[in-house]
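Presented below is the structure to which this report refers.
First the proteins, then the strands, lettered A, B, ... as listed; each starts at 1.
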Number of protein chains: 2
Amino acid sequence: MEAQDLKKAGLKATLPRIRILQILEDSKERHMSAEDVYKTLLDLGEEVGLATVYRVLTQFESAGLVMRHNFDSGHSVFELDSGIHHDHMVCLSTGKVIEFQNEEIEKLQKAIAEEHGYELIEHSLVLYVKPK
Amino acid sequence: MEAQDLKKAGLKATLPRIRILQILEDSKERHMSAEDVYKTLLDLGEEVGLATVYRVLTQFESAGLVMRHNFDSGHSVFELDSGIHHDHMVCLSTGKVIEFQNEEIEKLQKAIAEEHGYELIEHSLVLYVKPK
DNA sequence: ACTTTAAATGAGAATAAATGTCGTTGAGGA
DNA sequence: TCCTCAACGACATTTATTCTCATTTAAAGT
């Protein structure tokens with residue numbers, strides 16, 4: 001029941017928002033660009049503007065429903081926030097995105113920030129890999 | 001003697017290239033955007049087009065003279081390649097960029113890629129921090 | 001030093017991603 | 001069901017970057 005999720009997040013349950021949330025949930029790809037979402041909407045025969053897709057994804061990000069990533073592709077990709085923190089590995093041959101977790105790296109990052117007198121707020125770690 | 005460095009890198013020693021390399025060497029900021037470099041050129045009274053700045057920076061990157069980074073700012077920044085690998089910490093309050101090295105994290109990254117059957121080609125680690 | 005020639009440049013048009021504007025529409029409380 | 005304001009669609013605009021093409025220039029050959 002998506003409409004409830006939206007209201008819980010403080011967002012009016014409009015049709016575009018419901019559809020976009022469904023697409024993010026149902027899509028094969030966990031990581032989609034705004035264009036990807038837009039094209040999927042068109043394929044489904046929905047009449048939603050591209051500007052709305054951008055607006056909605058940004059709102060979802062603010063509401064904590066999705067996370068935005070800037071891989072080295074020149075545009076943002078979005079994924080549903082699973083609540084479980086993880087980083088990403090991008091295959092340079094296939095474009096496939098793999099998620100991973102590593103508690104040790106997390107600790108080291110925090111320690112490094114503190115060594116320099118800072119508090120770690122956020123971080124971005126992406127491994128670019130190729131099949132062996 | 002910059003002209004020699006350029007020739008060693010397989011690039012013709014043209015005036016725009018020499019000037020841009022000098023700016024990257026002399027600038028207070030180690031990390032500059034294409035616009036930053038362009039503005040500095042204008043301040044110096046040089047007649048170099050913005051397109052040339054972009055072209056040259058991209059060539060420098062290919063030649064291994066500079067490294068390009070995509071922090072979460074919507075545009076690329078460039079720094080002279082010191083040859084010494086390091087990652088970056090960006091202060092969210094001041095925009096200051098701090099470089100750091102951590103051998104342990106490097107090892108863990110390599111291990112993670114290999115656990116998944118991949119070879120680590122490249123990686124991007126940025127810590128977003130605030131003063132304590 | 002002078003000519004030649006392919007590579008590099010400058011100016012401005014073009015593109016891609018994303019955001020802003022504004023008149024219209026629709027969700028949801030009265 | 002009606003009313004109101006938030007949300008929307010269409011399209012203009014902005015920002016970062018790349019492309020096009022006529023002109024210039026570095027540097028190899030004479």
Exercise. Just by distance, do the side chain of B/His86 and the backbone of B/Ile84 share a donor-acceptor pair under 3.5 Å?
Worked result: yes
Exercise. Could you state the interatomic distance from NZ (B/Lys110) to CG (B/Leu108), rounded to the nearest 0.5 Å?
Worked result: 12.5 Å
For this session: Using a strict cut-off of less than 4.0 Å between a Lys/Arg side-chain nitrogen and an Asp/Glu carboxylate oxygen, indicate whether A/Glu119 and B/Lys130 qualify as a salt bridge.
Result: no
Exercise. Do any N or O atoms from the side chain of B/Arg30 and from the backbone of B/Leu80 form a donor-acceptor pair under 3.5 angstrom?
Worked result: yes
For this session: Check whether any side-chain N or O of A/Thr40 sits under 3.5 Å from a backbone N or O of A/Asp36 as a donor-acceptor pair, and report yes or no.
Result: yes
Exercise. Atom CD of A/Glu47 to atom P of C/dT24: distance rounded to whole Å?
Worked result: 18 Å
Problem set entry | Between A/Thr58 and A/Arg55, a side-chain donor and acceptor under 3.5 Å | no
What does the list of N/O pairs under 3.5 Å between the protein and nucleotides 26-30 of chain C look like, with a distance for each?
{"residue": "C/dG28", "atom": "OP1", "partner": "A/Ala13", "partner atom": "N", "Å": "3.0"}

Exercise. Hey, mind stepping through B/Val129 and B/Leu92 against side-chain contact (heavy atoms from CB on, under 4.5 Å) and telling me if it holds?
Worked result: CA-CA 6 Å; B/Val129 300; B/Leu92 295 171; over 6 Å; no
Exercise. Do side-chain atoms of A/Tyr128 reach the backbone of A/Asp72 as a donor and acceptor pair under 3.5 angstrom?
Worked result: yes
Problem set entry | Secondary-structure notation, DNA chain D, from Watson-Crick and G-U pairs under 3.5 angstrom (| other strand) | ||||||||||||||||||||||||||||||
Exercise. Hey, can you pull the residues of residues 50-79 of chain A with a non-hydrogen atom under 4.0 angstrom from DNA chain C?
Worked result: A/Ala51, A/Tyr54, A/Arg55, A/Gly74, A/His75, A/Ser76
Exercise. Which of residues 32-39 of chain B sit near DNA chain C, with a heavy atom under 4.0 Å from it?
Worked result: none
Problem set entry | A/Glu114, CD atom: more than 12 neighbouring heavy atoms under 6.0 Å | yes
Seminar exercise, completed: Bounded by its outermost nucleotides with an atom under 4.0 Å from a heavy atom of chain A, the footprint on DNA chain D reads D/dA6 to D/dC11
Exercise. Quick check: are there more than 12 heavy atoms from other residues, nucleotides or ligands sitting under 6.0 Å from CD of B/Glu47?
Worked result: no
Problem set entry | Residues B/Phe71, B/His69; criterion ring-ring contact (aromatic ring centres under 6.0 Å, His included); working and verdict | CA-CA 6 Å; B/Phe71 301 152; B/His69 302 290; 5.6 Å; yes
Exercise. Above 12 or not: heavy atoms from other molecules or residues under 6.0 Å from CD of A/Glu99?
Worked result: yes
Exercise. When the distance from CG of B/Leu41 to P of C/dA11 is rounded to whole Å, what number comes out?
Worked result: 13 Å
For this session: Could you tell me the separation between the CZ atom of A/Arg19 and the OG1 atom of A/Thr52, rounded to the nearest 0.5 Å?
Result: 14.5 Å
For this session: Before giving the answer on salt bridge (Lys or Arg N to Asp or Glu O under 4.0 Å), spell out for B/Arg68 and B/Glu79 the whole-Å C-alpha distance, their side-chain angles and the decisive distance to 0.1 Å.
Result: CA-CA 7 Å; B/Arg68 178 197 302 259; B/Glu79 71 171 311; over 6 Å; no
Please set out all donor-acceptor pairs under 3.5 angstrom arising from side-chain atoms of residues 6-13 of chain A, sequence neighbours excluded.
none

